[in-house]
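Here's the structure, in structure tokens; my notes come after.
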Amino acid sequence: VRTCLTERLVHVARAFRRGEHGEANDALAEAVDALVQILEKNPSGIPIGEISRVLRGAFEAQRRGDFLFVADCLEHELAPLVSDAALHADRVRIEADEAELV
Amino acid sequence: VPRFEPVLAEIERVSRPVEADRETFVIDGIHLTSRFDRRADAELQAERVPLDATEATVYGIGLGDLPRVLLERLSLERLRVVVLSRAAAKCALALDRRWLGDPRVELVLARDERSLRTPSAVSPACLALADDDALALRDAVLLELARPYQARKHAEREPALAAAIDHNRPRLAADRDVAVLFGARPGARAAVAAAGPTLSREAWRLRTSRPDLVVAVTTALVTLRRERVRPDYVVVIDPKASVLAHLDGVDLEALRDVPLVYAPIVDPRVLDRWRGPRYAAYLDQPRYAALREELPRGTLFCAGTVTHAAIDLAVRMGAADVMLYGVDFAYIDGRSHAHGASEERGAPRASGTSVLDHHGERMPSDAAFIGFLRDLEAYVARHERVRFRSASARSAKIEGVSCEPA
């Protein structure tokens, strides 16, 4: 799910970079909804404070029409955070599986 | 580069603070490119130009990456670079102007461009930073970029609209044809009351200096009622159920003899609630083509807003002079609509676009408003014999519309 979200964030960022703001704003709202759902379900390993900081910056930029900054926030800051969190969750799951096997 | 001397001289004259941020620069809070990967940004934007294109246009220089990426294409024989923001161009050319020496490059100001060219690529930051004399072209670029999105949105709505037309078919067959009103008020001095924020301040004029004909949209009814202004005709075309709320707080019994002109996509409950006579109209959109054959009805111009249809009704009825009230196409004092209108909302979180009012001041707007504004300008240009005026200097400046309060 998180890998999928990472792809969605990059997709949104690319729409902002192309100047397709209607598409981008809609897709951003959907991506943020998906992120919130993930945070609500399983916050373990997700740096919520860092994600909030990045999102705040992105929304401020969106308000002033600084869409390339929004794209950077999503693609170069938020997507790696989500991706790292997914890797962390996988590692925790693998370690748990190994412990069970032992 | 001597051949660009006049354009470069204009660019050099601007002076705006510029800040650095990682790989890029910032003007008025707008990053000119990505902070992380300018080249990737430019390559993505360049994808709008087919690889085998021999000619292309670039709208906005950004930091020069986009024209440079396109000039790497050997098949490109001519690249027209249109300056939307002199401040951004000055920043870009201070960093690197060698690409200007490429004989394939033409450098022009947006002010001197008459129409949109294709294929083209766009530097989005320059849309946000566009100079006042570039706003018309900036809007054309924005609308072109939004076209696929708008088409998809319209396609999504089409099944619901078809269902609404089916529901309204008996009403459509029984109600009068708007065409019988066409030509009914030759030479009239008319007013069209839309529900932009300035209607709140200006509606009283309709009471003290009443024109021959007042056409209102349903959204404006609450404000008109507060000012004790009674419209002669009311127009509704919006399929949303929220239109029902336009009638809340309106004494519909007092409007018993006021006709409602409607498009058959309107929520049937709105039509059933109206006490006065009803006139059916089609809009100049493809969805009505088949229906028009079966049940012929007059057609009103509409490129997305009921305001267009209301103005066209006044014009088709014969108005020679149309005063526009609340036709603002901007967020004024942070509001979208007249005070108390049920659709009233604050300025959107993400806008980044603006229009000029009649004082030349920038007013926050959005892509939809800008589309409505430019389509109305084209309509006004097609109706040379009608005098169009705006009741408020704070409304968006519409080409061909003078500001002469009543």
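Residue numbering restarts at 1 for every chain, and letters A, B, ... go by the order of the sequence lines. Side chains are part of it too, since the values below use all heavy atoms of this structure and drop only hydrogens, waters and symmetry mates.
In this structure, CD on Glu47(B) lies 6.0 Å from CZ on Arg14(A), to the nearest 0.5 angstrom. Atoms OG and NE2, from Ser34(B) and His76(A) in turn, are 4.5 Å apart once rounded to the nearest 0.5 Å. A distance of 12.5 Å separates CG of Leu68(A) from CZ of Phe36(B), quoted to the nearest 0.5 Å. Here the straight-line distance linking atom CZ of Phe69(A) with atom CD1 of Ile30(B) works out to 11.0 Å at 0.5 Å rounding. Separation of atoms CZ (Arg35(B)) and CG (Asp72(A)) is listed at 5.0 Å; rounding is to 0.5 Å.
Options Thr24(B), Leu32(B), Asp37(B), Thr33(B) differ in how many heavy-atom pairs under 4.5 Å they form with chain A, and the most are formed by Thr33(B). Heavy-atom pairs under 4.5 Å with chain A were tallied for Leu142(B), Leu129(B), Leu145(B), Leu44(B); the largest tally goes to Leu44(B).
When all heavy atoms are compared, the tightest approach of Pro124(B) to His21(A) is CB-NE2, 4.5 Å. Taking all atoms of both residues into account, the shortest heavy-atom contact from Gly65(A) to Ala128(B) is O-CB, 3.9 Å. Contact between Glu23(A) and Arg152(B) at its shortest, heavy atoms only, is OE2-NH2, 2.6 Å.
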Quiz item: Given Lys153(B) and Asp26(A), is the salt bridge (Lys or Arg N to Asp or Glu O under 4.0 Å) satisfied, shown in steps?
Solution: CA-CA 11 Å; Lys153(B) 286 280 173 195; Asp26(A) 280 6; 3.2 Å; yes
Exercise. Test Glu20(A) against Arg147(B) for side-chain contact (heavy atoms from CB on, under 4.5 Å), laying out the working first.
Key: CA-CA 9 Å; Glu20(A) 296 162 358; Arg147(B) 195 183 298 278; over 6 Å; no
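Under the side-chain contact (heavy atoms from CB on, under 4.5 Å) criterion, Glu72(B) pairs with Arg39(B), sequence neighbours left out.
Looking at Glu60(A), neither its backbone nor its side chain comes within 4.5 Å of chain B, counting heavy atoms on both sides.
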